[in-house]
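In the text below, chain A, chain B and the rest are named by the order of the sequence lines, each starting its count at 1.
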Number of protein chains: 2
Amino acid sequence: MQHVAMDAATSRLDIPPAYEVVVDRLRRTILLSIYRPGDKFPPERVHAEQLGVSRVTLREAIRVLEGEGLVETRRGATGGVTVLDRRVSVDALRRRLRDSLGELEGVSDFRLANERCAAERAATRITREQLEGLEASINAMRDCESVAEFRAADSSFHIGVAQAADCALLRRAVEDARIELFTYLDALDYELALPTTISAHRRILAALRTGDPKRAGRAMGRHLTTTWAEALAVIEEPAG
Amino acid sequence: MQHVAMDAATSRLDIPPAYEVVVDRLRRTILLSIYRPGDKFPPERVHAEQLGVSRVTLREAIRVLEGEGLVETRRGATGGVTVLDRRVSVDALRRRLRDSLGELEGVSDFRLANERCAAERAATRITREQLEGLEASINAMRDCESVAEFRAADSSFHIGVAQAADCALLRRAVEDARIELFTYLDALDYELALPTTISAHRRILAALRTGDPKRAGRAMGRHLTTTWAEALAVIEEPAG
DNA sequence: ATGGAATGGGCTAGACTTCGATCCATGCAA
DNA sequence: TTGCATGGATCGAAGTCTAGCCCATTCCAT
């Protein structure tokens with residue numbers, strides 16, 4: 001039994017305590033811009049109920065997110081848990097990104113493969129309602145000013161396409177790639193290529209409307225290739 | 001905040017108890033043919049240590065796998081936990097597969113996208129050692145007689161390629177797709193297209209050796225497309 | 001036969017986690 | 001000032017996981 005993957009059968013397991021599961025989930029929603037800076041979590045009591053854990057456990061999780069600088073809590077009638085703007089030393093971040101460039105490139109390849117596949121499948125499966133959703137997120141992007149707003153609209157579009165592809169594995173893959181790629185990249189607060197992105201999204205939407213998988217896949221492929229080239233430029237641009 | 005994915009922020013969490021985590025891991029290794037029918041798990045005490053859980057927890061997990069008919073335990077000096085051959089009513093299974101054909105097709109698309117990407121990346125990254133591993137699994141496939149042996153060699157090859165692609169997300173995706181696709185399909189015990197598969201793997205290996213990503217990707221793409229067509233034929237063939 | 005060795009099976013005490021419930025502290029708005 | 005919705009803190013009960021010990025089964029060498 002000299003398998004490539006043999007270690008997968010015997011290596012130590014990660015058994016996460018409940019609060020860690022909560023942390024992962026909440027962090028994920030923040031990093032995907034489902035919750036955006038300024039947004040507030042539901043009141044503790046409600047939130048705990050929704051997630052199916054006790055207040056104590058939820059609070060433990062929020063402590064962790066606080067420690068990571070992702071959220072802030074305030075007491076009082078108008079208090080609550082607020083998602084923070086993520087700021088990091090830009091130079092340190094750029095260095096860090098450069099160090100892990102090889103890894104990021106893998107994620108980018110992974111993203112391209114899966115989102116192209118998602119677009120192809122979505123072309124023949126997307127509903128009228130879902131098309132409207134994509135259109136809405138394009139419109140939302142038109143007026144946005146911060147990276148956070150941009151990323152929220154962007155996530156809504158790309159995850160919307162993945163959703164329309166009607167395959168759970170694909171959707172999950174698209175989400176995972178987004179988290180890996182943009183969590184650190186976005187903190188760079190680079191100049192947004194808004195018009196480019198919007199017209200790319202418009203082209204993808206148009207292709208989806210024609211119902212032609214190849215065309216939709218090509219449109220998505222071109223968009224992501226361009227995006228990655230831009231990201232590379234931002235990472236490698238001399239510190240300023 | 002009318003996001004596509006908003007529910008992801010508020011839906012109930014699944015907090016798995018430790019034994020469930022163990023079950024998932026062990027089931028995964030069985031369904032990927034990392035452990036094959038006839039193989040035995042390490043002795044309880046050792047196994048628990050390796051996985052980082054107590055014997056009690058490991059035993060709970062094994063009870064579940066036993067209930068699923070995946071393993072069998074025997075006491076005594078030569079006893080232990082043995083992986084079973086998975087047998088199901090073939091007709092019931094075929095019906096089940098037909099019902100979920102749409103879903104399976106999605107998995108197949110997902111698989112194609114990710115394994116093609118993996119092959120492309122592997123072409124420029126694979127080490128001499130990894131090439132030898134692939135060759136070994138091709139040789140292992142040559143002499144095999146049961147579906148289980150075949151699938152083990154097949155897994156070894158495909159996961160080996162994914163491993164050589166050097167991207168954790170990709171490897172995970174390839175594994176996930178294999179589990180979804182083959183867990184039920186293999187129970188059909190269909191006539192193996194051994195020669196076809198072996199020569200396809202040889203072509204892929206040759207392409208990887210040239211270091212040409214496009215060629216490797218194409219070779220993998222053709223292989224998977226053929227495989228899926230064959231699987232479809234098996235699923236749709238009239239009950240016998 | 002018999003005893004040794006290796007296996008899984010069972011049990012228990014204790015540590016740790018999680019929960020629900022209750023009460024406290026804060027800060028805004030009427 | 002008062003009302004009240006918010007987060008904060010604490011406690012006991014219940015559940016989960018562990019480590020350690022001994023038992024039962026099986027095979028095998030003696």
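Among the protein residues, A/R59 comes within range of the nucleic acid bases, having at least one heavy atom under 4.0 Å from a base atom.
Residues B/R125 and B/R121 come closest through the heavy atom pair NH1-O, 3.2 Å.
The 5' end of DNA chain C is approached more closely, in terms of each residue's nearest nucleotide, by A/P16 than by the other of A/G76 and A/P16. Comparing B/Y19 and A/A77 against DNA chain D, the residue whose closest nucleotide sits nearer the 5' end is A/A77.
Below 30°, between 30° and 60°, or above 60°: for A/H201 and A/F157 the angle between ring planes is below 30°, a parallel geometry.
Spacing between atom CZ of A/R12 and atom C1' of D/dC17 amounts to 14 Å, rounded to whole angstrom units. For the pair B/R55 CZ and C/dG10 C1', the interatomic distance rounds to 9 Å; values are reported in whole Å. Atom CD of A/E60 is separated from atom C1' of D/dG8 by 14 Å (rounded to the nearest Å). Atom C1' of nucleotide D/dA19 and atom CZ of B/R45 are separated by 12 Å, given to the nearest angstrom. Rounded to whole Å, the distance from CG on B/L58 to C1' on D/dT18 is 13 Å. Residue A/E44 contributes atom CD, which lies 13 Å from atom C1' of C/dT26 at whole-angstrom precision. Straight-line distance from the CZ atom of A/R75 to the C1' atom of C/dC23: 13 Å, rounded to whole Å. As a whole-Å value, the separation of A/E20 CD from D/dT16 C1' is 18 Å.
The side chain of B/T78 contributes no N or O atom lying less than 4.0 Å from OP1 or OP2 of D/dC28. Within the structure, a side-chain polar atom (N or O) of B/T73 is placed less than 4.0 Å from OP1 or OP2 of C/dG9.
Between A/E149 and A/R36, no side-chain nitrogen of the basic residue sits less than 4.0 Å from a carboxylate oxygen of the acidic one, so the salt-bridge criterion is not met.
In this structure, the side chains of B/E72 and B/E66 stay at 4.5 Å or more apart for every pair of heavy atoms. A/R27 has its side chain within reach of A/L70: a pair of non-hydrogen atoms, C-beta onward, lies under 4.5 Å apart.
Nearest nucleotide to the side chain of A/R63, out of D/dG8, C/dC19, D/dG7: D/dG8. The side chain of A/V56 sits closest to C/dC19 out of C/dC19, D/dT18, D/dG7. Residue B/V53 has its side chain nearest to D/dT18 when only C/dG8, D/dT18, D/dT6 are considered.
With hydrogens and angles ignored, no donor-acceptor pair under 3.5 angstrom links the side chain of A/R74 to the base of C/dG27.
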